[in-house]
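By convention here, the first residue in the shown sequence is residue 1.
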Amino acid sequence: MAFMEKPPAGKVLLDDTVPLTAAIEASQSLQSHTEYIIRVQRGISAENSWQIVRRYSDFDLLNNSLQIAGLSLPLPPKKLIGNMDREFIAERQKGLQNYLNVITTNHILSNCELVKKFLDPNNYSANYTEIALQHVSMFFRSEPKWEVVEPLKDIGWRIRKKYFLMKIKNQPKERLVLSWADLGPDKYLSDKDFQCLIKLLPSCLHPYIYRVTFATANESSALLIRMFNEKGTLKDLIYKAKPKDPFLKKYCSPKKVQGLELQQIKTYGRQVLEVLKFLHDKGFPYGHLHASNVMLDGDTCRLLDLENSLLGLPSFYRSYFSQFRKINTLESVDVHCFGHLLYEMTYGRPPDSVPVDSFPPAPSMAVVAVLESTLSCEACKNGMPTVSRLLQMPLFSDVLLTTSEKPQFKIPTKLKEALRIAKECIEKRLIEEQKQIHQHRRLTRAQSHHGSEEERKKRKILARKKSKRSAVENNEEHSAKYSNSNNSGSIAGWMHWRTLASFGEASTRLPCAPPSPVLGSVVCRSLPRDRGWVHKRDCSQLHKLLDGTRLISNQAGCGEQWEAARPGEGDAPCSGVNACSHGSSP
């Protein structure tokens with residue numbers, strides 16, 4: 001693609017920071033090897049997934065390429081004999097799944113081109129170094145004074161951003177760095193406004209912004225040139241790395257973990273906050289703060305890559321702050337990213353996870369106070385402080401800055417309005433993504449809770465209780481109906497019962513019935529045994545008394561049965577084995 005050529009219409013711009021997850025679904029054994037079928041998913045949507053097929057040799061090749069990171073990755077060992085056994089394949093599959101889990105959860109490894117190509121070959125099959133060289137070559141046709149010395153291979157973390165060491169032909173000893181980057185998913189500026197703003201960057205003068213020597217852009221990419229700094233970035237200082245080394249080699253596994261001195265933390269932090277406030281006051285969106293974007297020039301920190309927000313590139317820490325709905329503006333994003341930067345300056349390494357539950361001992365409690373306001377659970381849940389608020393905190397408020405350079409960055413009113421609209425669009429996409437992640441997390445949590453063993457037991461108990469309650473309610477409803485229909489004859493029924501009992505009616509078995517308010521307690525608690533009734537066990541739930549041609553209801557609720565008996569056994573209330581279970585008294 002020529003440098004001035006437009007991108008294809010309807011081009012899909014991927015967000016490379018969206019995490020990829022991988023799960024081995026099955027394995028299939030062929031004649032001489034085994035293939036593993038892997039389901040890869042981008043982000044939270046199961047619809048955005050695909051299958052890839054990989055052999056063990058593919059895993060081994062990837063692992064060899066990642067050795068530059070200096071990490072001990074858990075790839076299962078090779079086996080030459082017996083590697084087609086079913087038990088061995090099942091065990092190896094578990095090991096390979098663990099390997100995938102490790103590389104996809106490591107923040108640096110998961111974003112590197114090697115892992116992306118392994119898991120998503122369709123979207124990452126292009127050779128971006130070659131594409132960048134083509135663009136740079138087209139540029140040099142119109143600007144012959146520049147010359148490429150060598151590619152700076154993989155010194156940055158972005159897949160679609162490449163760097164080249166440059167020189168000016170009439171100044172061969174002076175070294176510069178050219179960076180080329182493709183457009184990203186957050187590019188909302190019109191092509192005209194985008195190109196104007198890119199060309200405006202060399203005019204930005206600030207003591208804490210690394211100056212751009214030259215900048216140009218077309219409809220699909222941008223190219224910028226800056227002076228090469230032998231000392232490297234703030235991250236190079238923290239990790240004691242060489243600036244020209246690949247990103248994986250420099251930062252994945254530092255040989256020595258050691259934070260900066262307290263005075264360095266205070267000074268560098270104050271300088272970074274000052275330039276962030278300057279950009280926000282100008283209405284210029286940033287959102288790309290991390291230690292590799294802070295250049296060291298003596299004892300001064302200077303911010304890099306102002307063009308990233310114009311290009312629409314996603315932030316290095318996007319997978320972190322997209323989890324928290326209160327971090328939804330570019331200023332709050334910058335403040336949260338400043339917390340990551342401060343953590344690295346303090347402890348010499350990034351946090352293990354975010355939010356941070358507890359912080360290790362720091363050179364000053366003032367440092368911990370700032371970290372808690374930007375990285376703690378409470379801060380991520382309730383929101384970030386402003387940049388101005390951080391400048392007022394004790395850690396930075398007493399830092400004296402000595403600089404005579406006056407900041408200059410004039411942005412025309414029309415472009416300011418374009419930047420404002422673009423900033424709102426960037427924040428809107430972030431808010432929408434955070435909303436989807438939040439809904440997915442709630443759904444996943446609900447499904448996990450619903451499917452737990454404890455929850456299943458609770459549901460069974462509740463179902464039994466509901467069934468019993470329903471049965472009781474049905475009985476009460478039936479009792480009310482039956483009682484109302486028989487209430488009027490209850491007294492007469494009682495007298496008739498006494499008459500029948502006096503004749504010694506033998507062995508008339510009566511089931512339980514809903515109660516009569518008048519006779520219930522008499523029948524249930526103290527039926528006169530000498531009048532011809534014996535309390536039996538295991539009756540139905542109704543006591544019924546014969547009243548000529550109809551039955552009179554009484555509420556016992558005792559679950560017992562009654563039988564006619566011989567007269568002369570004496571009057572006695574129900575007691576002992578014959579007692580009713582509900583325990584009411586006449």
Asker: List in chain and number order the residues that pass salt bridge (charged side-chain N to carboxylate O under 4.0 Å, His left out) with Glu372, two or more places apart in sequence or in another chain; answer none if no residue qualifies.
Answerer: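 Partners of Glu372 under the salt bridge (charged side-chain N to carboxylate O under 4.0 Å, His left out) test: none.
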Asker: Salt bridge or not for Arg158 and Asp16, using N-O below 4.0 Å?
Answerer: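 Result for this pair is no, no salt bridge flagged.
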Asker: Would you check if there is a donor-acceptor pair between the side chains of Tyr163 and Asp154 at a distance under 3.5 Å?
Answerer: no
Asker: Between Glu433 and Arg318, is the closest basic N to carboxylate O distance under 4.0 Å?
Answerer: yes
Asker: Could you go through Asn98 and Asn101, starting from their C-alpha distance and side-chain angles, then the distance that decides it, and tell me whether this counts as side-chain hydrogen bond (donor to acceptor under 3.5 Å, both in side chains)?
Answerer: CA-CA 5 Å; Asn98 181 49; Asn101 294 341; 4.9 Å; no
Asker: Hey, is Lys428 close enough to Glu432 for a salt bridge, meaning N to O under 4.0 Å?
Answerer: no
Asker: Who pairs with Asn106 by side chain to side chain donor-acceptor pair (under 3.5 Å), at least two apart in sequence or on another chain?
Answerer: none
Asker: Indicate the atoms forming the closest heavy-atom contact of Ser27 with Thr34, along with that distance.
Answerer: CB-CG2, 4.1 Å
Asker: Below 4.5 Å, heavy atoms only, C-beta onward: do Thr386 and Leu391 meet side chain to side chain?
Answerer: no
Asker: Do the side chain of Gln93 and the main chain of Tyr36 share a donor and acceptor less than 3.5 angstrom apart?
Answerer: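 Side chain of Gln93 to backbone of Tyr36, a donor-acceptor pair under 3.5 Å: no, none is there.
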Asker: Let me see the working for Asn382 and Lys326 under side-chain contact (heavy atoms from CB on, under 4.5 Å), right down to the final yes or no.
Answerer: CA-CA 6 Å; Asn382 299 326; Lys326 290 293 184 179; 5.7 Å; no
Asker: For Asn229 and Tyr210, work out which heavy atoms get closest and say how close.
Answerer: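 Closest pair (atom of Asn229, atom of Tyr210, distance): CB-OH, 3.7 Å.
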Asker: Less than 4.5 Å apart, side chain to side chain, heavy atoms only: is that true for Leu430 and Phe321?
Answerer: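 Sidechains of Phe321 and Leu430: in contact.
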Asker: List for me each residue that meets salt bridge (charged side-chain N to carboxylate O under 4.0 Å, His left out) alongside Arg325, sequence neighbours excluded, and say none if there are none.
Answerer: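 Salt bridge (charged side-chain N to carboxylate O under 4.0 Å, His left out) list for Arg325, sorted by chain: empty.
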Asker: Closest approach of Ser388 and Lys277, non-hydrogen atoms and distance?
Answerer: OG-CE, 3.4 Å
Asker: Does any N or O in the side chain of Ser315 come within less than 3.5 Å of the main-chain N or O of Gly287, such that one atom is a donor and the other an acceptor?
Answerer: yes
Asker: Using the ring pair (Phe, Tyr, Trp, His ring centres under 6.0 Å) criterion, which residues pair with Phe316? Sequence neighbours excluded.
Answerer: His107, Trp157, His290
Asker: Donor-acceptor pairs under 3.5 Å, side chain of residues 231-240 to any protein atom, not counting sequence neighbours: which ones?
Answerer:
unit_1: Thr233; atom_1: OG1; unit_2: Lys235; atom_2: N; d: 3.4
unit_1: Thr233; atom_1: OG1; unit_2: Asp236; atom_2: N; d: 3.3
unit_1: Thr233; atom_1: OG1; unit_2: Asp236; atom_2: OD2; d: 3.3
unit_1: Lys235; atom_1: NZ; unit_2: Glu344; atom_2: OE1; d: 3.4
unit_1: Lys235; atom_1: NZ; unit_2: Glu344; atom_2: OE2; d: 2.7
unit_1: Asp236; atom_1: OD1; unit_2: Tyr251; atom_2: OH; d: 2.4
unit_1: Asp236; atom_1: OD2; unit_2: Thr233; atom_2: N; d: 2.9
unit_1: Tyr239; atom_1: OH; unit_2: Glu344; atom_2: OE2; d: 2.7

Asker: Could you list the residues that satisfy ring pair (Phe, Tyr, Trp, His ring centres under 6.0 Å) with Phe284, not counting sequence neighbours?
Answerer: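 In terms of ring pair (Phe, Tyr, Trp, His ring centres under 6.0 Å), with neighbours along the sequence ignored, Phe284 is linked to Phe409.
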Asker: I would like to know whether Ile24 and Ile37 meet side-chain contact (heavy atoms from CB on, under 4.5 Å); could you show each step before the answer?
Answerer: CA-CA 6 Å; Ile24 302 177; Ile37 302 170; over 6 Å; no
Asker: Decide yes or no for Lys187 and Leu311: does some side-chain heavy atom of the first lie under 4.5 Å from some side-chain heavy atom of the second?
Answerer: no
Asker: With the threshold set at 4.0 Å, does a side-chain nitrogen-carboxylate oxygen contact exist between Glu307 and Arg226?
Answerer: yes
Asker: Is Arg54 positioned over the aromatic face of Phe59, cation under 6.0 angstrom from the ring centre and no more than 45 degrees off axis?
Answerer: no
Asker: Would Lys381 pass as a cation-pi partner of Phe324, given that its NZ or CZ must be under 6.0 Å from the six-membered ring centre and within 45 degrees of the axis?
Answerer: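 Checked: cation-pi criterion not met.
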Asker: For residues Arg389 and Gln392, determine if any side-chain heavy atom of one lies less than 4.5 Å from a side-chain heavy atom of the other.
Answerer: yes
Asker: For Thr267 and Gln271, does a side-chain donor sit closer than 3.5 Å to a side-chain acceptor?
Answerer: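 Not at all, the side chains of Thr267 and Gln271 share no donor-acceptor pair under 3.5 Å.
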Asker: Applying side chain to side chain contact (heavy atoms under 4.5 Å, CB included) between Ser322 and each of Ile437, Val18, Ile431, report the one that passes.
Answerer: Ile437
Asker: Thinking salt bridges, do Lys162 and Glu113 make one under a 4.0 Å N-O criterion?
Answerer: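 Between Glu113 and Lys162 there is a salt bridge, with a charged N closer than 4.0 Å to a carboxylate O.
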Asker: Who are the salt bridge (charged side-chain N to carboxylate O under 4.0 Å, His left out) partners of Arg441, not counting sequence neighbours?
Answerer: none
Asker: Counting only N and O atoms by type, is there a donor-acceptor contact under 3.5 Å from the side chain of Asp60 to the main-chain atoms of Tyr56?
Answerer: no
Asker: I'd like to know if the side chain of Tyr208 pairs up with that of Arg302 as donor and acceptor (distance under 3.5 Å, no hydrogens or angles considered).
Answerer: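 No, Arg302 and Tyr208 have no side-chain donor paired with an acceptor closer than 3.5 Å.
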Asker: Scan residues 348-387 for pairs that pass ring pair (Phe, Tyr, Trp, His ring centres under 6.0 Å), counting only residues two or more places apart or in two chains.
Answerer: none
Asker: Taking Ala217's backbone N and O only, do any of them form a donor-acceptor pair with Ser221's side chain (distance below 3.5 Å, no angle check)?
Answerer: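 Side chain of Ser221 to backbone of Ala217, a donor-acceptor pair under 3.5 Å: no, none is there.
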Asker: When you compare the side chain of Thr346 with that of Pro360, does any pair of heavy atoms fall below 4.5 Å?
Answerer: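 A side-chain contact is absent here, since even the closest heavy-atom pair is not under 4.5 Å.
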Asker: With a 4.0 Å cut-off on N to O distance, would you call Arg55 and Glu35 a salt bridge?
Answerer: no
Asker: Under the side-chain contact (heavy atoms from CB on, under 4.5 Å) rule, what do Val177 and Met166 come out as? Steps first, then yes or no, please.
Answerer: CA-CA 6 Å; Val177 173; Met166 307 285 296; over 6 Å; no
Asker: What I want to find out is whether Asp182 reaches Lys161 closely enough, with some N-O distance under 4.0 Å, to be called a salt bridge.
Answerer: no
Asker: Has Ser49 got a side-chain atom pairing as donor or acceptor with Ala46's backbone, closer than 3.5 angstrom?
Answerer: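 Side chain of Ser49 to backbone of Ala46: a pair is present.
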Asker: What heavy-atom pair brings Ile198 and Pro202 nearest, and what distance separates the two atoms?
Answerer: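 Looking at all heavy atoms of both residues, the shortest contact is O-CD, 3.8 Å.
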Asker: Donor-acceptor check, side chain of Gln41 to backbone of Thr21, threshold 3.5 angstrom: yes or no?
Answerer: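 Answer holds: no.
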Asker: With sequence neighbours excluded, what pairs up with Phe396 under the ring pair (Phe, Tyr, Trp, His ring centres under 6.0 Å) test?
Answerer: Phe338
Asker: Tell me yes or no: between the side chains of Gln434 and Gln323, is some donor less than 3.5 Å from an acceptor?
Answerer: no
Asker: What pairs with His206 under side chain to side chain donor-acceptor pair (under 3.5 Å), at least two apart in sequence or on another chain?
Answerer: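 None.
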Asker: Give a yes or no on whether a salt bridge exists between Asp15 and Arg429, defined as a side-chain N under 4.0 angstrom from a carboxylate O.
Answerer: yes
Asker: Can you see which heavy atom on Ile225 is nearest to which on Leu223, and at what distance?
Answerer: CG1-CD2, 4.3 Å
Asker: Would you name the heavy atoms of Met384 and Val335 that are closest together and state the gap between them?
Answerer: CB-CG1, 3.8 Å
Asker: Begin from the C-alpha positions of Cys301 and Leu296 and carry the test side-chain contact (heavy atoms from CB on, under 4.5 Å) through to its verdict.
Answerer: CA-CA 5 Å; Cys301 281; Leu296 274 181; 3.9 Å; yes
Asker: Please report, to 0.1 Å, the donor-acceptor pairs under 3.5 Å made by any side chain of residues 241-248, with sequence neighbours excluded.
Answerer:
none

Asker: Between the side chains of Tyr99 and Asn63, is a donor N or O closer than 3.5 angstrom to an acceptor N or O?
Answerer: yes
Asker: Nearest 0.5 Å please: distance from the OG atom of Ser292 over to the CG atom of Asp305.
Answerer: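 CG of Asp305 is found 9.5 Å from OG of Ser292.
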Asker: What residues, two or more places apart in sequence or in another chain, satisfy ring pair (Phe, Tyr, Trp, His ring centres under 6.0 Å) together with His288?
Answerer: none
